[in-house]
Amino acid sequence: MAISYNKLWKLLIDRKMSKADLRRAAGIAPNTMTKLNRDEEVTLETLGKICGVLKVNVGDIVDIFPEYQVGEKEENIQ
């Protein structure tokens, strides 16, 4: 799982909210916002707090990557 930074930004802009506003409202540490910038993984607890503040489902800001490469031959996928 990885947070889609573009999706998160769109949600923040739609709510006229900054990353600092989100961080304060969710009660998360500043270094967590740095992780979001770098596409590093965040904990499910933090993700839950972010989604709670933005009133969205996890799937609205998270991209789930399949375990295979796009274009990989189907017979290689088990």
Side-chain angles (χ1 to χ4, degrees):
M1 279 192 309
I3 289 183
S4 169
Y5 201 58
N6 290 336
K7 289 180 183 180
L8 180 60
W9 259 120
K10 182 176 181 344
L11 290 167
L12 290 173
I13 290 167
D14 289 348
R15 288 159 179 76
K16 297 181 171 83
M17 197 177 213
S18 69
K19 287 190 297 180
D21 294 336
L22 173 62
R23 182 180 57 76
R24 282 190 294 274
I28 56 179
N31 65 336
T32 300
M33 300 310 290
T34 303
K35 288 180 182 179
L36 295 179
N37 288 341
R38 295 182 183 161
D39 292 333
E40 294 177 24
E41 290 186 23
V42 297
T43 65
L44 288 176
E45 178 184 1
T46 298
L47 190 55
K49 289 178 182 179
I50 290 170
C51 290
V53 169
L54 296 176
K55 297 181 177 25
V56 298
N57 294 316
V58 171
D60 293 335
I61 60 171
V62 171
D63 289 325
I64 299 174
F65 298 103
E67 293 186 11
Y68 60 91
Q69 297 291 324
V70 174
E72 185 175 335
K73 291 183 179 179
E74 196 169 30
E75 65 261 17
N76 293 336
I77 302 169
Q78 299 179 3

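Listed by first then second residue, pairs satisfying salt bridge (Lys or Arg N to Asp or Glu O under 4.0 Å) with a partner in residues 17-28 read Asp21-Arg24, not counting sequence neighbours. Under the salt bridge (Lys or Arg N to Asp or Glu O under 4.0 Å) criterion, the residue pairs touching residues 49-59 are Glu45-Lys49, with sequence neighbours excluded.
With sequence neighbours left out, the salt bridge (Lys or Arg N to Asp or Glu O under 4.0 Å) criterion links Asp60 to no other residue. Under the rule for a side-chain hydrogen bond (donor to acceptor under 3.5 Å, both in side chains), the partners of Thr46 that lie at least two apart in sequence or sit in another chain are Thr43. Listed by chain and number, the residues in a side-chain hydrogen bond (donor to acceptor under 3.5 Å, both in side chains) with Asn31 amount to none (sequence neighbours excluded).
The side-chain heavy atoms of Val56 and Lys7, taken from C-beta on, include no pair separated by under 4.5 Å.
Closest non-hydrogen pair, Ile61 versus Cys51, comes out as CD1-SG, 3.9 Å. Residues Ile50 and Ala26 come closest through the heavy atom pair N-CB, 4.4 Å.
Atoms CG and CG, on Leu54 and Leu22 in that order, are 5.0 Å from each other to the nearest 0.5 Å. Interatomic distance, Leu47 CG to Thr32 OG1, rounded to the nearest 0.5 Å: 11.5 Å.
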